[in-house]
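Worksheet: one structure, shown below.
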Amino acid sequence: MESRSGSSVDSRATLRGINTTPLLARIESYEASEKKCISDVRRTFCLFVTFDLLFITLLWIIELNVNGGIETRLDKEVLHYDYHASFFDIFLLAVLRFAALILAYAVCKLRHWWAIAITTATTSAFLIAKVILSKLLSQGAFGYLLPIISFILAWIETWLLDFKVLPQEADDENRFLSIMDAPERTPFVQPGPLSDGQFYSPPESVADSDEELLEDKHDPEKALI
């Protein structure tokens, strides 16, 4: 009797563990992600913002080397800045965009699109005006490449934040809240106490066993089998 009662207690504990383990795993996973400084998808966004700055910087340095050397071109494009012929403002725009987005979404951890909307709108307006009013298109391939690449990267950042970062973080938070509210709405179904009758198997009757032995004796083929 003690072994039967012990097995019933073990079975209830096992069922209880099976019911709660997935829930606890999800809660622990979300809490672990909350303890991180930044979520994985937001970190990917920040890495892309950093790539934006580094790529524009690389293109600008290549342009300086191609058109007469870094020192000569820096003196012409930075110290004697000319809106109509300099690429320095496109590089400076990338620096400002990087600083604003990292400050907003990595340091302050904003969960709204207004910051990137301002940076993307400012970038788009400036580049369109630059292409129309300046003489960049007459300066070779970089006159086309730098404005176009800067414009595309700014809009890719907007797409990443608006369609990947913010929706995924909102889904994770809503899923966590729904999991936390689930026990209050629908309590776990716990198995009821198991009676000893569920483990009871009646012994074979002596009469039935005697009849089977007699049949085996009278039926030699069955006995051989």
Side-chain angles (χ1 to χ4, degrees), residues 33-34 36-173:
S33 64
E34 284 294 313
K36 295 180 181 178
C37 295
I38 192 171
S39 65
D40 294 338
V41 65
R42 189 177 288 255
R43 183 169 61 250
T44 303
F45 169 77
C46 293
L47 288 175
F48 187 81
V49 172
T50 306
F51 167 78
D52 175 13
L53 174 63
L54 296 178
F55 191 51
I56 296 299
T57 303
L58 178 63
L59 289 178
W60 186 50
I61 292 174
I62 294 174
E63 184 270 332
L64 294 175
N65 273 324
V66 169
N67 293 330
I70 293 180
E71 294 181 0
T72 304
R73 294 299 299 177
L74 282 176
D75 180 73
K76 185 176 180 180
E77 292 192 13
V78 179
L79 300 180
H80 301 86
Y81 170 75
D82 182 9
Y83 173 79
H84 298 282
S86 178
F87 292 97
F88 174 66
D89 48 10
I90 296 179
F91 163 75
L92 188 61
L93 185 65
V95 172
L96 295 176
R97 184 168 62 248
F98 168 81
L101 293 179
I102 292 298
L103 178 64
Y105 296 108
V107 179
C108 298
K109 298 180 183 179
L110 292 182
R111 294 191 175 186
H112 200 273
W113 49 262
W114 64 264
I116 199 168
I118 293 174
T119 59
T120 304
T122 303
T123 300
S124 301
F126 180 84
L127 291 175
I128 291 173
K130 178 92 172 171
V131 170
I132 293 173
L133 301 176
S134 68
K135 302 175 182 178
L136 294 182
L137 301 182
S138 62
Q139 298 187 24
F142 287 98
Y144 297 88
L145 193 60
L146 274 169
I148 291 174
I149 294 297
S150 183
F151 186 87
I152 291 174
L153 291 177
W155 279 98
I156 291 176
E157 290 165 357
T158 304
W159 177 80
L160 280 176
L161 183 77
D162 201 21
F163 290 93
K164 296 294 182 181
V165 179
L166 299 181
Q168 183 168 334
E169 289 183 346
D171 290 342
D172 292 341
E173 185 177 1

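What you are looking at is a predicted structure, and each value in this text was computed from that prediction instead of being measured.
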Inset, instruction - Please answer whether the main-chain N or O of Ile116 pairs with a side-chain N or O of Glu157 as donor and acceptor at a distance below 3.5 Å. - result: no
Inset, instruction - Please examine the side chains of Lys164 and Phe45, heavy atoms only from C-beta on, and report whether any two atoms are closer than 4.5 Å. - result: no
Inset, instruction - State the CZ-CG distance between Phe87 and Leu136, to the nearest 0.5 angstrom. - result: 4.5 Å
Inset, instruction - Hey, could you give me the CG/CD1 distance between Leu133 and Ile128, rounded to the nearest 0.5 Å? - result: 11.5 Å
Legend entry - Pair Phe55-Leu59, side chain to side chain contact (heavy atoms under 4.5 Å, CB included): steps then yes or no: CA-CA 6 Å; Phe55 191 51; Leu59 289 178; 4.0 Å; yes
Inset, instruction - Indicate yes or no: at least one non-hydrogen side-chain atom of Phe51 is less than 4.5 angstrom from one of Leu47. - result: no
Legend entry - Atom pair CG/CG of Leu110 and Leu103 - distance to nearest 0.5 Å: 8.0 Å
Inset, instruction - Calculate, to the nearest 0.5 Å, the distance between atoms CG and CZ belonging to Leu92 and Phe126 respectively. - result: 8.5 Å
Legend entry - Whether Trp60 and Phe91 hold their rings parallel, tilted or perpendicular, with breakpoints at 30° and 60°: parallel
Inset, instruction - Could you tell me which residues satisfy side-chain hydrogen bond (donor to acceptor under 3.5 Å, both in side chains) with Asn67, sequence neighbours excluded, listed by chain and number? - result: Glu63
Inset, instruction - State, to 0.1 Å, how close Gly143 and Leu137 come at their nearest heavy-atom pair, and which atoms those are. - result: O-CD2, 3.8 Å
Legend entry - Shortest non-hydrogen separation from Leu127 to Pro147 and the atoms involved: CD1-O, 3.6 Å
Inset, instruction - Measure the spacing between CG of Asn65 and CD1 of Ile70 and express it to the nearest 0.5 Å. - result: 4.0 Å
Inset, instruction - Would you check, one step at a time, whether the test side chain to side chain contact (heavy atoms under 4.5 Å, CB included) holds for Thr72 with Asp75? - result: CA-CA 5 Å; Thr72 304; Asp75 180 73; 6.0 Å; no
Legend entry - Sidechain N-carboxylate O distance under 4.0 Å for Glu173, Arg111: yes
Legend entry - Qualifying side-chain hydrogen bond (donor to acceptor under 3.5 Å, both in side chains) pairs, either residue in residues 120-133, two or more places apart: Asp89-Lys130, Arg97-Thr123, Thr120-Thr158, Ser124-Trp155
Inset, instruction - Kindly indicate whether the side chain of Leu166, heavy atoms from C-beta on, has any atom under 4.5 Å from the side chain of Arg42. - result: yes
Legend entry - From CG (Leu101) to CG (Leu53), nearest 0.5 Å: 11.0 Å
Inset, instruction - Could you tell me whether the side chain of Asp40 reaches within less than 4.5 Å of the side chain of Thr44, counting heavy atoms only? - result: no
Inset, instruction - Of all the heavy-atom pairs spanning Ile38 and Tyr105, show the shortest one and how long it is. - result: CD1-O, 4.2 Å
